[in-house]
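Here is the structure we will look at, set down as structure tokens.
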Number of protein chains: 2
Amino acid sequence: MTAQIASPLITALEGSGVRLTGPRRAIAEMISTRTGHFTAADLVGAAKARHPGIGRATIFRSLELLSSLGVVERLDLPNGDHAYVGCEPSHHHHVVCSSCGASSDFDDADLSTVVEGVGARTGYRIDSHRLELFGICPTCAAATTEAST
Amino acid sequence: MTAQIASPLITALEGSGVRLTGPRRAIAEMISTRTGHFTAADLVGAAKARHPGIGRATIFRSLELLSSLGVVERLDLPNGDHAYVGCEPSHHHHVVCSSCGASSDFDDADLSTVVEGVGARTGYRIDSHRLELFGICPTCAAATTEAST
DNA sequence: ATTTTTGCAAATCATTTGCATATAT
DNA sequence: ATATATGCAAATGATTTGCAAAAAT
């Protein structure tokens, strides 16, 4: 009975009918050890070090697969870069730390009021939305304060 | 006294200290004739037809300039493409039509409550946010209904 | 045994850059 | 006159694709 902690991603893969391959396990594990967001290039780099033999294409393909399963989400950073974060498959949004890349999820409740209001005012039938918040996480804020003391 | 309608973009350029060049006028005009969002590639194509001689690089540079002036905004479409829309320079967000690309602006008021709430709950100091709504505009909705009759 | 995945290398696509020339001020 | 902008072509960077070989069912 070994620890299964690191694997909501693996669970998601298991439940989806795709094959649970070595590369996919390795990628899932590399993602689940990350605290914050990461780019495809980050993962390619990590793979080169920790799991040589995994190709660039496989990483892109896995990222797409995991996104489609809803356990990884693609973010568009303010600078235009694409990044990813591991997350719960339910609908929600992210706050991401501009300093360390950490991210938290938050849910939808209050936002849906806003979304409905906009729909009513503009006449659009709103199908989907995306909200991303950027700021400084408590840890980084503390570190900054300290440094300036 | 000729119509100046097409030129909030030009006004913005004038007020900003940059030089009002031929290519910039042409690009501003091409943008202001668009109803919905457009990609850099769209503009490159339009320029090739209507203003040959304007280079790709100039288009990208102008888009960046206009974005920095706040009269054009870059969107990240749900499919990952980058697009732009012309807009008012005040802070606001967009609803974009998945069918025709039209977009409307809406302001911030209700959203700021949500943003503050998230900041309070997560402990993040929120610096910026981005909200994009996607759906079907009234015009396209009407067209669809008609077609199915 | 059969189907899905993979790795590789090459292809594609978007965006950026260097630099000599042209243009707005 | 002088600083800023432009066009071009080449450079860069990210992501995708074709395909034969490898691995999972």
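We name chains A, B, ... by the order of the sequence lines, and we start the count at 1 in each one. Keep in mind it's a predicted model, so treat the numbers as computed, not measured.
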Item checked: Base versus backbone protein contacts along nucleotides 20-25 of chain D [heavy-atom cut-off under 4.0 Å; B, S, -] -> ---BBS
Nearest whole Å is fine: how far is [N] [atom2] from [X] [atom1]?
X: A/Arg25; N: C/dT6; atom1: CZ; atom2: C1'; value: 16 Å
X: B/Leu13; N: C/dA24; atom1: CG; atom2: P; value: 14 Å
X: B/Leu43; N: C/dT15; atom1: CG; atom2: P; value: 12 Å
X: B/His51; N: D/dT6; atom1: NE2; atom2: P; value: 14 Å
X: A/Tyr84; N: D/dA14; atom1: OH; atom2: C1'; value: 10 Å

Margin query: Show, in sequence, the C-alpha distance, side-chain angles and deciding distance for B/Ile31 and B/Leu66, and conclude whether the side chain to side chain contact (heavy atoms under 4.5 Å, CB included) test is met.
Written below: CA-CA 11 Å; B/Ile31 291 176; B/Leu66 293 167; 3.8 Å; yes
Notebook entry, point to check: Got a sec: does the CD of A/Glu88 have more than 12 other heavy atoms crowding it under 6.0 Å?
Noted result: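 Open: at most 12 neighbouring heavy atoms sit under 6.0 Å from CD of A/Glu88.
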In a table with atom names and distances, give each donor-acceptor pair under 3.5 Å that connects a side chain of residues 51-64 of chain A to protein atoms at least two apart or in another chain.
{"unit_1": "A/Ser62", "atom_1": "OG", "unit_2": "A/Thr58", "atom_2": "O", "d": "2.9"}

Check: If every non-hydrogen atom of A/Val96 is compared with every non-hydrogen atom of B/Tyr124, which pair is closest and at what distance?
Finding: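 Taking every non-hydrogen atom into account, C-CE2, 3.9 Å.
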Margin query: Please list, in numerical order, the residues of residues 64-79 of chain A that have a heavy atom closer than 4.0 Å to any atom of DNA chain C.
Written below: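 Hits under 4.0 Å, by residue number: none.
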So do the side chains of [X] and [Y] get within less than 4.5 Å of each other, counting heavy atoms only?
X: B/Thr113; Y: A/Asp110; result: no
X: A/Leu69; Y: A/Val18; result: no
X: B/Val85; Y: B/Leu75; result: yes
X: A/Arg25; Y: A/Leu13; result: no
X: B/Ile27; Y: B/Met30; result: yes

Report, one pair per line, the protein and nucleotides 8-12 of chain D atoms (nitrogen or oxygen only) whose separation is under 3.5 Å.
none

Next item on the list: Ignoring hydrogens and angles, tell me if any N or O in the side chain of A/Arg24 forms a donor-acceptor pair with the backbone of A/Arg19 under 3.5 Å.
Entry: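 Confirmed, A/Arg24 side chain pairs with A/Arg19 backbone.
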Notebook entry, point to check: So, is B/Arg24 close to the C/dT23 phosphate, meaning a side-chain N or O under 4.0 Å from OP1 or OP2?
Noted result: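 Looking at the OP1 and OP2 atoms of C/dT23, neither is under 4.0 Å from any side-chain N or O of B/Arg24.
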Check: Under 30°, 30 to 60°, or over 60°: which ring-plane class applies to A/His82 and B/His82, parallel, tilted or perpendicular?
Finding: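 The rings of A/His82 and B/His82 sit tilted, inter-plane angle from 30° to 60°.
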Margin query: Between A/Phe38 and A/Leu65, is there shared hydrophobic-cluster membership here, with clusters defined by ILVMFWY side-chain heavy atoms closer than 4.5 Å?
Written below: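 Linked within one cluster.
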Listed pairs, N/O of protein and of nucleotides 11-14 of chain C, under 3.5 Å:
none

Please report, to 0.1 Å, the donor-acceptor pairs under 3.5 Å made by any side chain of residues 129-139 of chain B, with sequence neighbours excluded.
{"unit_1": "B/His129", "atom_1": "NE2", "unit_2": "B/His91", "atom_2": "NE2", "d": "3.3"}
{"unit_1": "B/His129", "atom_1": "NE2", "unit_2": "B/His93", "atom_2": "NE2", "d": "3.2"}
{"unit_1": "B/His129", "atom_1": "NE2", "unit_2": "B/Asp108", "atom_2": "OD1", "d": "3.4"}
{"unit_1": "B/Arg130", "atom_1": "NH1", "unit_2": "B/Asp76", "atom_2": "OD2", "d": "2.6"}
{"unit_1": "B/Arg130", "atom_1": "NH2", "unit_2": "A/Asp76", "atom_2": "O", "d": "2.4"}

